[in-house]
Structure formats: C-alpha cells, structure tokens
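Here is the structure we will look at, set down as structure tokens.
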Protein chains: 2
Amino acid sequence: MKVVIVGGVAGGATAAARIRRLDEEAEVIVFERSGYVSYANCGLPYYIGGVIGEASELTLQTPESFWSRFRIDMRVRHEVTAIHPECRTVTVRSLDSGESFEESYDRLLLSPGAKPILPRSVDAGVPGLFTLRTVEDTLRIRTFIEKNHPRSAVLAGGGFISLELAENLRELGMDVTIVQRPGQLMKPFDPDMASFIHARMRKNGVKLLLGHAVEGVEENGGSLRVLLKDGKALAADMTVFALGVSPDTHLAKEAGLRLGLKDSIVVNDRMETSVPDIYAVGDAVQVTQSVSGEDVLLSLAGPANRQGRIAADNICGGDSRYRGSQGSSIIKVFDMTAAVTGINEQAAERAGIRADKVYLSPASHAGYYPGARTMIMKVIYEKETCRLLGAQIVGYEGIDKQIDVLATAISAGMTATRLKDLDLAYAPPYSSAKSPVNMAGFIIENIADGRLKQFHWHEADTLPRDGSVTLLDVRTEQEYGAGHIDGFCNIPLDELRERIGELEQGKPVYAVCQSGLRSYIACCILSQKGFDCYNLSGGYRLYRSVREDCGCADESFPCGMDRTVSR
Amino acid sequence: MKVVIVGGVAGGATAAARIRRLDEEAEVIVFERSGYVSYANCGLPYYIGGVIGEASELTLQTPESFWSRFRIDMRVRHEVTAIHPECRTVTVRSLDSGESFEESYDRLLLSPGAKPILPRSVDAGVPGLFTLRTVEDTLRIRTFIEKNHPRSAVLAGGGFISLELAENLRELGMDVTIVQRPGQLMKPFDPDMASFIHARMRKNGVKLLLGHAVEGVEENGGSLRVLLKDGKALAADMTVFALGVSPDTHLAKEAGLRLGLKDSIVVNDRMETSVPDIYAVGDAVQVTQSVSGEDVLLSLAGPANRQGRIAADNICGGDSRYRGSQGSSIIKVFDMTAAVTGINEQAAERAGIRADKVYLSPASHAGYYPGARTMIMKVIYEKETCRLLGAQIVGYEGIDKQIDVLATAISAGMTATRLKDLDLAYAPPYSSAKSPVNMAGFIIENIADGRLKQFHWHEADTLPRDGSVTLLDVRTEQEYGAGHIDGFCNIPLDELRERIGELEQGKPVYAVCQSGLRSYIACCILSQKGFDCYNLSGGYRLYRSVREDCGCADESFPCGMDRTVSR
C-alpha cells in the first residue's frame, strides 16, 4: 500500500506515524509545503515572546528523525498542486527546484490546514505586516523584532493567536492594540465571560478597540498606518493579522471533493471525503459539534491529532470513528486563564436548544490554605432535560482542571445535576470538599427542583423601579456602601429574619449579594414566608464586572460566609 | 419538626445548614463534643507546620455565626451519651457543667465521626504522645512544639495524616521517622506507585521504617522511647499516632442500630440507619465502594459533606440518594503530588474482578513550553469489558487535574478506550494536544485490539535468562550504558530494522525502553515481522523506581522521541 499525505504538521504527522505502526510494509510519503514538519504550532507566539527560547524547541521532529524512526518519507518544501482522483496521482512541485512531478497513491490523506484570513483591501506586501501560522512566519516576526525593535504593534483580530501574541509582545515591552470587529474578544466565550478577559488584557496594558475593523495598512516613513473602517488610523511599528483562518482547500475543490462551510472538506466519521480512498483531517475539514450536532469549523490541535489517528486506522483497514469536536479550549491571558468547553449561549440558541445557565464563583482550593483564588464559572445546560451543554471559566488557579472535568462530564452525556455526585480528589492545597463542579451541580439541582429561581445580570437593570417589586441587597452595610446596583435596598442577610416585616408581602423579591450564595439563602428564607423570590446568579461581582467591563475575577475572597457554607 | 444532630463538623454541619435552607420552621440542635464546629479538619496538619498561620482560619464558623445566619443551635462541648429510639430522645451531658439532660427529637442525625486508633499496649497518657483529629489535638501539638522545641518525632502509621504531618514537621526542621506496619505507605495506592511516595519522603529527609510496628511508648528523661514490635526502640522528643481511625459508634451500638465493618453504622442510600427516623453520615458509616460494590470505610471530607446534604434532603421529606464512594483522594508529598481514584489492583482482586493495567509517563504540558514535568500514571480497567476501575498518579504538576478527569470518567461508567476520544482543553502551558488521559486511552485501545501485548515490572526479573526468549532494550547506547535490566541486550530502536537479523526467529521478544513508548514501536515493527513481542509497561523508569524504591518520577524528560510521538 502506498499512502500519500498532504501536510506534515499535526494531523498529517500523527497519521503518518500511526500508519507505520500499523503497517510496516506501507510506503508513506508526506509532502509539506513549509520547511518544517510536526512542529509546535501552538507554541509559535511563545517563541516570539522568548518564553520558548530556542527555535529548535518548536521543531523537535525533522524529516531525518521521521525517517530513522518510522521510515516515513517527509518531503518538506514540496507543494501538492493538483489531485487526480481518476488516476490516483497527485502533482507535486518542489519549491526549491521548481520542478513538478506526479506521485501515485493507493490512499491519499489531506491535511492541508488553513490559511490566515487577510482582507482584500490589505496589501500583504507591506513591510512590517505579518500573519502567524507557520514556523517561517514566526521566524520572520522574531527576526523583524530583533532587527527593528518595534515599539508598538496593532493586532487585527481577537482570537487565540491574537491574545497570545499580545501577551508575548507586551512581555517584550511593546505597546499593543487589538482591533476586533465584534464587540468582544474570544468568540467561543459569551460576552459576559469575555468581559473578564477584556479586563485582564487592559490591566496588562493591552489597548482594545472592540467593534472596529482594520481596512488597510500603509507605510508611513519606516512605520505603519493601520487604517480602520471608520476612517481613523493607528500608528504602529508592526501589525499582525490574526483574523482567523479559512480552510486551505483549493486542491480539494479542484479535485471535485464535496465541500462544506467556508469551502471546508466534508468528511464522514471515518474521515473519508466524498471521493473514494481520499481522507482528510485537521483545520481543513468540517466537523460535527458534538453537543449541538451542528456543522462547524474548529482550528484546534487536539481534534486534528485524534482525526489523524482515526484516518490512519481506517487507511490501514480498521474501523475507527470520530465522535465530533466538543470545542474544549483554553488560553493563558497573562496571569489569568480562560477556558471553554461545549457550546455557549449563542450557539445553543442557534441550534434551537432552550438553555439555562448558572454562574458561581468558587475558590480554587480550600480557603484556609494559602493561595486560594476565586474563579468565575458559567455552566450552561438544557432547561428541560438538564443535559450539560457547555461551560466557561475564568480565573487564576486550577481553571484547566475544572474545564476538563466539565468537558469529561459533557462527553459522557451527564446531566448537570449529576455533577453534585462527582467524587473528586480533595486535599486543602488542591480543591475544596465541595468542589467547584459539585457546587455547580448543587445549584442546578436547586433550580431543577424548583427551590431556586434566578435572574441574571442582564436583567438587573430592567427590573421595574416603580415599587412594584422589591429589590433587595443582602450584603453587609459596608459591602453595600462600597457599591451596589441602583434601586436595590439593603438588609444584611443575618438581619433578614428580624426585618422581614420591612418587605411588602405580595411583591416579588429580587435578591442580590456578592456571589449569589447569601442571596440564595435569603431566597430560601423569603420563599418559605410566602415571597416569590429571585436570586441574582453570579451576584453583584458578575453584574459589576460585565456592566463595567472591569473584570473583578481577581478580587480576593468575597466577604463573610460566602466562602464556607454550601448550597 | 425538631432535628437533633450529633456532631457538628463536616457531615453534621452541612446537614444542619441544608435543613434550614429547606425548612425555615424546623428546630435544629447540634451537639458537638469538642469546642469547635464545622472546622477545617483537613487543614490541621498545616496549622501545626505554620502553613496556615492563624487558628482562626481553621474555625471560620462558630456557634454564633451558625445562629445568626441559620438559626441553628450549635452546642459545643456537649456530648450525647445515649440514644433512646423508643421515646425519641437523647441524653446529653454538658462537658463544662457536668450536668446531663434529655433532648427529644423527631429526626436524629448521627455524624459522630471516628476516633484515632491507639494500640492497647500504648499508654495514651505519656507526655509528648499525641493523636491528631480535632482542633484541640492540633492546638496541643502546636503548643507542645512551641514550648518544648522537640527536635525529633516518630509518627506511627503511614496514611494521609501521618504523611501530611511528616511534611509539616520537616518544614519545622524536625527529624521525622514514620513507622508503618505494612510494607508501604498510603494503602490506597498499589506498592509500585507507593514507591514514588517513599522516594519523595526519603529525599526530603523523612526516615521510613516500613514493615515495623510501634508497640509502646516510654518516657525517657524528658524524651521518649518508642518501642517497636521487633524489640528495637527509637528515641524521639514527641510521637504522634496516626494509625487510622475507627468509627465512633458506641452510641449507635448501644441504641441497637445495625452495625457493619468495624462497628460502623449501616445505612441505606438515603442515609437512613436500621432504626426509623435515625440517619447517619460521615466517617462513622459504612459505604458502598462505587466501583467494586464492596462495603468499605472511607474517612474523606467530600463524601461526608455530600452525605450530610442527602440526609438533610430526606429528613425534610425529599428523596436524595447517595451513589457510593469512589475513593478519590490526593495528597501533597512535599513538592510532589500523589492521587488516586477508584480501586487499586488489590481491591480489584478482592472483589473478584479480572483487571489489567497500563503505566505511562506523560508530560504535564507541552514539552516545548517551560516547566513541563513528567508524571507517572497507572490506569486499571476490567480486562473483559475495558470498564475503568481506578487510577493512580504521581508527579509534580497537574496531577489533581488528571485524577479528576479520570474520576469523572469512572463515575460516568466510561470504558477505558473512550478516554482516547475525550476532547480536553489544550494550550501549551496547560496540557498536550494528546492529553495524558487520551494517551492512556490510546494504549488501552491498542491492547484491547490485540495490537499491543504487555509485560510488567514485576515480571521482568522472572523472565527466563536461558536464551529461550529475547530480552531487548531499545534505548540508545548511552541510556543502556547508564543502567539496564540484567540480561537485556541493546539494539537502539532506530537501528532495529537493519539489525532485525540479530534476533532469533521463533523466540518471544520482551522489549524495554525508558517509558514504554519506543519499545511499543519496536513491538509494532517486530510483531509484523512474525515475532511474538511483549512491551514493558511503564518502561525502565518504572521498573527501576519500584525495584530500587528510588522514585524516579522527578527525572526530567525521557530522551529522544518518547516525548513527542504518540500512540
């Protein structure tokens, strides 16, 4: 069997090695357009910032190492320029010699990846304008920085690459501005959770121009003028376009493969394309969002690697199936971490799923053990069935743990109420006896059982201020004095039983505290006294953070008993 | 409704607060024998070591705070001395006044906990001899240390409390010896994984006397002589007995409640005892091990808290069920972390489950991003069905994450092969594109598919050295030269294809590398050439660590391509 693979990075390299392990006799040839194979794609921004010191760290694998270990013929700087399914050949051009040749295959695997999006109005040839996708791009940017010592950068786009690059350029002392057309960074997050990311970026000196778009870039006497759609311009010494990627599928298109979203390659769960004996994996393929069932495009390393392994199994006569992409991802935002899994509110709505949500702000580990930090967790679930749909978390410690536990629960098809039963590992340096995920389960169970009714930050300002409802803040006088939602009166929780007579019977009560825990207890008290009571999920902390886009996730603990008594 | 609760720590305090939230009218009285309620049990060793500076941090809740927030009558220093189910009363003695009185109840919840085990031959009254269970015990030990400046301590027992205390006493500069009757510390771990804990303890100056038992303690001129069963004696300035606990259930016994293992209280999944309207939770009750189905005793804070909430639900007329205890737990061992979930090999054998296991040593995060550390992971699963049974992990970073992901997968009833599909959050600072848990899934799938046959560290020495089998080490010459298993010859993996003629056809091959990854590739090559090939799971690293009890988990990365190419 002769297998030709187009693309030698994540999916392609994984598939090549797996094919060899499964079939010692197969001939495997990989054509990679760039000069590098199996490189550390996700590490590129960190090399620019110097966190990763040596370029060799990014490119641990070489064509030579692949040959000596796997007898895989990795041909870098070779571009496949055409696929001929009818005669099972590809046309390949050597970028160094310029010569073209035909290569036959029994099985063809496409792992061409995606290419950075550049607006048509932008001239890619302007010196100091970059995209960041390959090792070559990375070396170009680092060399430019070392040579030109730019003091300012404009980054177009507000996704993973842009944010990681912003952090790394800030670490180099540069002035960094992110221009992002949507009103928020990091679209996998809902706007409320993104507000914590905005705050952290700003706190670390990154300027955010949200709701703006870059239209062009001009040279301006050794520097650049970055032109915005609204006619304004930004001066910068360099600019990087990180507006996302589009599947690099002209080959597939010309060969008549069935295409999907944004010309991505359509594959089945065996990673087979519409053409016999041609498989495809990675950023170029359309996948099923495993929670919503929607067709989506996701540029993530984990799925690409798993797809590569599955394609290899099937190429070698096995029957492996891809279960879809859940979209779990995580990003370091300076000292903060933000992570997401499953679908967000907008995606749920798009998919026609009636979703509910809870917010909570648990501690990363036992509050009495040094170093505990508050995180903000949002869990989204299907209202009717309590099926888990997604989660988003921001914070400073253990965010990766909580998201992976939730990702696993979602993958297992758990209901949100089952989270309360999870028997997770606890010792004071690592967690709490009731873990953050357990707490989410407790809250959702209270809602499902009808014991807890919520309202949300985006509803707090629109509640009537005409006296027809009671707006109640149950924090301490000091907390209330330091800032509260307009129109809310203050009765501290511990005085509520005595002062319950101050509340007018028959009127609904909307209760608020710092995190949503004390106000929940207030709701327990009041609803048993006949009040129709609603709890502000996520509390004043979330409300304020989103309203002011100020990101209070780095606040130290909420005061009082919020931190110790459970749901 | 009047609810009386015996014991105001984890389970009892949680239940009390939940009862109030569910029922504003209930009368709730908690009798707690010690002077403290709802204290941070798991933090006690860290207060002794000064990691937690203030005693007030351990006791955030007070009877006053419980009253003001929950109207719960927390009576500390009150001991319930008898239960009278027939007339629904308990007899209570005030430890301060010495007076006894009767208290009636509609529902009674027992959360009496457990008491430290002390051998009969030991005189508990010897000055400088301690147990560690309550805040009072903790204050006694800290006061003793501050006053007497002991320079040495002998700890009897090798479980959680002992190890955490050992670390804290070492941090105070003391000479610490642990005497443990079994041949290993930390019985929830299998001996192979415990060997890494031994190594870390020794590296940090803790002396381990494994396979020894303390028989008595004598005063010896201001110091102590700790007498061992074999007649030897250890000199020490203080000694702490941490031999485990036994359920504190004399009350339940005298009241005729059905008892189980070690006189623990038998409860159903609603936390109801055998006597109507009496519930029990926490360390005093027998629980079902959720993986094996066995009856077990587990002294863990998480389960106690969850049980308290469930009992409260049922006391208030609900129907909540406890799903059993999975035994997830974690311990800080100086700079190392060790964690476990589910059942270990011994428990599987006891339960009659035919188990298999894999070992792997993945990096905590992408190897090219600074700070990645190797961890050792053991995953145990049912041979026939691939049902996940348990996992044990030791290492330095992200151990809590990996164990919680595995705990969640086990709780969901996942098969081990499904681990390969988990879509977990990846970015270089946090994980790898193929996460450690994914890798475990890959390996187990290879075994389940018959593509990989293993042998284990405990079999390596017993393989015939008579030439009837080939013993093959595929590491580099340098690695081999630095240490190898006796009788194994060396052909580096990358030379294997050329030198395959050196292997005698027809003989089984047992292959070894550093981590088990390169030898797996060797097995792929050899088995396709007709060899019956077995791979040493966990590699030479695990073998050496267990054999020499030397714990190489802190080694930096394995060399070569172990670190980058997947399964």
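For chain A, the option among B:K420, B:E54, B:E164 with the highest count of heavy-atom pairs below 4.5 Å is B:K420. Options A:A13, A:S435, A:A40 differ in how many heavy-atom pairs under 4.5 Å they form with chain B, and the most are formed by A:A40. Between chain A and the options B:E495, B:K332, B:R323, heavy-atom pairs under 4.5 Å are most frequent for B:R323. Taking chain B as the reference chain and counting heavy-atom pairs below 4.5 Å, the highest number among A:A304, A:S329, A:A407, A:G53 is found for A:S329. In terms of non-hydrogen atom pairs under 4.5 Å with chain A, the most contact-rich of B:I331, B:I310, B:D23 is B:D23. Contacts with chain A were tallied for B:V437, B:T337, B:L406, B:I403; B:T337 has the most, counting heavy-atom pairs under 4.5 Å. For the options B:L493, B:D421, B:N305, B:I410, heavy-atom pairs under 4.5 Å to chain A are most numerous at B:D421. The candidate with the highest count of non-hydrogen atom pairs below 4.5 Å against chain A, out of B:R71, B:R20, B:Q326, B:M414, is B:R71.
Neither the backbone nor the side chain of A:Q402 comes within less than 4.5 Å of any heavy atom of chain B. For B:S325, the parts sitting under 4.5 Å from any heavy atom of chain A are the backbone and the side chain alike.
Side-chain contact between A:F70 and B:I521 is present, with heavy atoms from C-beta onward closer than 4.5 Å. Side-chain contact between A:T408 and B:L424: present, with at least one pair of heavy atoms (C-beta onward) separated by less than 4.5 Å. A heavy-atom distance below 4.5 Å is found between the side chains of A:C42 and B:Y426. Using a 4.5 Å heavy-atom cutoff, the side chains of A:Y368 and B:S56 are not in contact. Two residues are said to be in side-chain contact when any heavy atoms from C-beta on lie closer than 4.5 Å; B:R418 and A:S411 meet this criterion. Side-chain contact between B:R451 and A:L22 is present, with at least one heavy-atom pair separated by less than 4.5 Å. No side-chain heavy atom of B:D400 sits less than 4.5 Å from a side-chain heavy atom of A:S431.
Applying the side chain to side chain donor-acceptor pair (under 3.5 Å) definition to pairs two or more places apart or across chains, those involving residues 521-531 of chain A are A:K529-B:E25.
Atom CG of residue B:D313 and atom CD of residue A:E445 lie 6.0 Å apart, to the nearest 0.5 angstrom.
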Original post:
Which is it for A:R21 and B:N446 under the side chain to side chain contact (heavy atoms under 4.5 Å, CB included) test, yes or no, and what are the steps along the way?
Top reply: CA-CA 11 Å; A:R21 291 196 299 273; B:N446 287 334; 5.8 Å; no
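Under a 4.0 Å N-O distance rule, the pair B:R306/A:D423 qualifies as a salt bridge.
Enclosure of atom CD in A:E498 by more than 12 non-hydrogen atoms of other residues, nucleotides or ligands within 6.0 angstrom is indicated.
Shortest non-hydrogen contact noted between B:R69 and A:R497 is O-NH1, 2.8 Å. Listed here is the closest heavy atom pair of A:Y430 and B:M336: OH-O, 4.1 Å. Taking every heavy atom of both residues into account, B:A425 and A:S328 meet most closely at N-CB, 3.7 Å.
A donor-acceptor pair under 3.5 Å is absent between the side-chain atoms of A:D404 and the main chain of B:K401, judged by distance alone.
Residues passing the ring pair (Phe, Tyr, Trp, His ring centres under 6.0 Å) test with B:Y369 are A:Y46, B:H365, sequence neighbours excluded.
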